[in-house]
Protein chains: 2
Amino acid sequence: MSIRESDTPRIRRTPEESRANILAAAEQLLVEQGPQSLRLADVAKAAGVANATVLHHFGSISAVHTALMEQMIGHLVDNIMAIEIPADAPAEARAVGLKTLFDALETPGAARLAAWLELTDETSRLTVVREAVRDVAQKKIANTAVPEDLAEDMILLSVTLALGVGLFGPSLGKLIGKPEGRARDLTLQMLLMNFQRMAG
Amino acid sequence: MSIRESDTPRIRRTPEESRANILAAAEQLLVEQGPQSLRLADVAKAAGVANATVLHHFGSISAVHTALMEQMIGHLVDNIMAIEIPADAPAEARAVGLKTLFDALETPGAARLAAWLELTDETSRLTVVREAVRDVAQKKIANTAVPEDLAEDMILLSVTLALGVGLFGPSLGKLIGKPEGRARDLTLQMLLMNFQRMAG
DNA sequence: TCTCTTATTGACATTTTTGTCAGTAGCGTT
DNA sequence: AACGCTACTGACAAAAATGTCAATAAGAGA
């Protein structure tokens, strides 16, 4: 028990690559199987590395959790910040922007991330979350022609409903026997109509 | 080491009482701390009994989880089924019924239950869920004056958004710096307006 | 009061999950 | 080609979580 190579040759990555690889596997696990599948052995297996490798790069499994939350939040914020809603645009263009914002949040990934944060009560603890909300809100509100209060309400409403639809829409729709995306369509349609009214 | 009573005298309950006591403690844990706190030791401690007592009544911790899901779903369905929305009522009365339905679903308990089911993928496996949805939908749809398709859409929309608001509304509102219940108010107001339009 | 049933429990055993460590092996540098 | 750095790994240790069991005791009925 000494002289042995394993059947598969080792893959040697840069630390950044390795971390990225592990987080990508973890993210997929989260979205497809839920937070309770984010165990050390599961994550390592999904990433195709040994348990010890995960610990080598992150130190502990809960550090993996935190890193995953931060990465997913970061990506989400990037996507949202990239959306342009010019203040002087016509109502129609603003509607398109809202739809895009909605799209970014309504994905299973975002919704499950949010639910995970919520259920683990990490929402208030993670500064990333607070910063993300502040940044997004600031930019979006600044770029809007409507009064600040109204803009804040619109954002609160959009984000809340988008996440809700992303998390519950598919299952509930299927249970009731509705076509995929029905909840999403209904909600978006209602939101757009409501905003046209709000914005005059 | 033999002859001794503990400092606290034993409480002896009927099996039903004991199960109820344990499930009540578990429910509180779920709502206040999330699903990851539903460990055997935590549940037992919260219920004020020994670990073995929990196992005596439920057999395993996952049986506790299932029983809790079923009990919470049952209570939720009871609440919803108790809501009366007469088909011939004026639009105003129907609006009140909708508001009540929304209220029943928008509680942290219901929302967290739904998120738990969703993240653990029990939604499709538990027959209780399917039956609950079927029962509620049937009754509500039958009691409505609008066409069936429309009624189904209204229910899908109400339930999805209510759960979303219940789960994400409070935290997001706080993060944005809005008063408690703002997301709820906005959503409900929008829903009611939308339904008046849909129902003609 | 005595007996009997069984809810209850502490001590222990098992399983699961996380973490440690010393040795191995890619890969860039010399 | 030899060297050094360190990503990587299996084997092992530790901790945490679940589950077993035999003994205890509360309460109902005789």
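Just so we're on the same page: letters track the sequence lines, and every chain starts at 1.
For the pair A:Asp42/A:Arg39, a side-chain contact is recorded, criterion being any heavy-atom separation below 4.5 Å from C-beta on. At a threshold of 4.5 Å between non-hydrogen side-chain atoms, the residues A:Thr160 and B:Thr187 do not count as touching. Two residues are said to be in side-chain contact when any heavy atoms from C-beta on lie closer than 4.5 Å; B:Glu106 and B:Leu188 fail this criterion. Proximity of A:Gln71 to A:Glu27: side-chain heavy atoms (C-beta onward) are separated by under 4.5 Å at one or more points. For the pair A:Arg112/B:Glu118, a side-chain contact is recorded, criterion being any heavy-atom separation below 4.5 Å from C-beta on. With a 4.5 Å cut-off on side-chain heavy atoms, B:Leu105 and B:Ile80 count as touching.
Judged by distance alone with a 3.5 Å cut-off, a donor-acceptor contact links the side chain of B:Arg10 to the base of C:dT8.
In this entry the distance linking CD of A:Glu16 with P of D:dT6 reads 13 Å, nearest Å. Distance, A:Glu17 CD to D:dT6 P: 16 Å, rounded to whole Å. Here C:dA13 presents its C1' atom at 14 Å from CG of B:Asn51, a figure rounded to the nearest Å. For the pair B:Leu40 CG and C:dT15 P, the interatomic distance rounds to 17 Å; values are reported in whole Å. The interatomic distance linking B:Gln36 (CD) with D:dT18 (P) rounds to 13 Å, in whole Å. Distance CZ (A:Arg12) to C1' (C:dG26): 5 Å, rounded to an integer number of Å. Distance, B:Ile11 CD1 to D:dA26 C1': 11 Å, rounded to whole Å. Distance B:Arg13 CZ to D:dA28 C1': 18 Å, rounded to the nearest Å.
Place B:Asp42 and A:Ala50 on DNA chain D by their nearest nucleotides, and A:Ala50 ends up nearer the 5' end.
Looking at residues 52-62 of chain B, you'll see B:Ala52, B:Thr53, B:His56, B:His57 sit with a heavy atom under 4.0 Å from some atom of DNA chain C. Near DNA chain C, meaning a heavy atom under 4.0 Å from it, residues 18-35 of chain A has no residue at all.
A:Val128 is connected to A:Phe58 through a chain of hydrophobic side-chain contacts under 4.5 Å among Ile, Leu, Val, Met, Phe, Trp and Tyr, so both are in one cluster.
Residue B:Asp153 is tested with A:Ile176, A:Leu186, A:Asp185 for a side chain to side chain contact (heavy atoms under 4.5 Å, CB included); the sole match is A:Leu186.
A donor atom on one side chain and an acceptor atom on the other are not found under 3.5 Å apart for B:Gln36 and A:Thr120.
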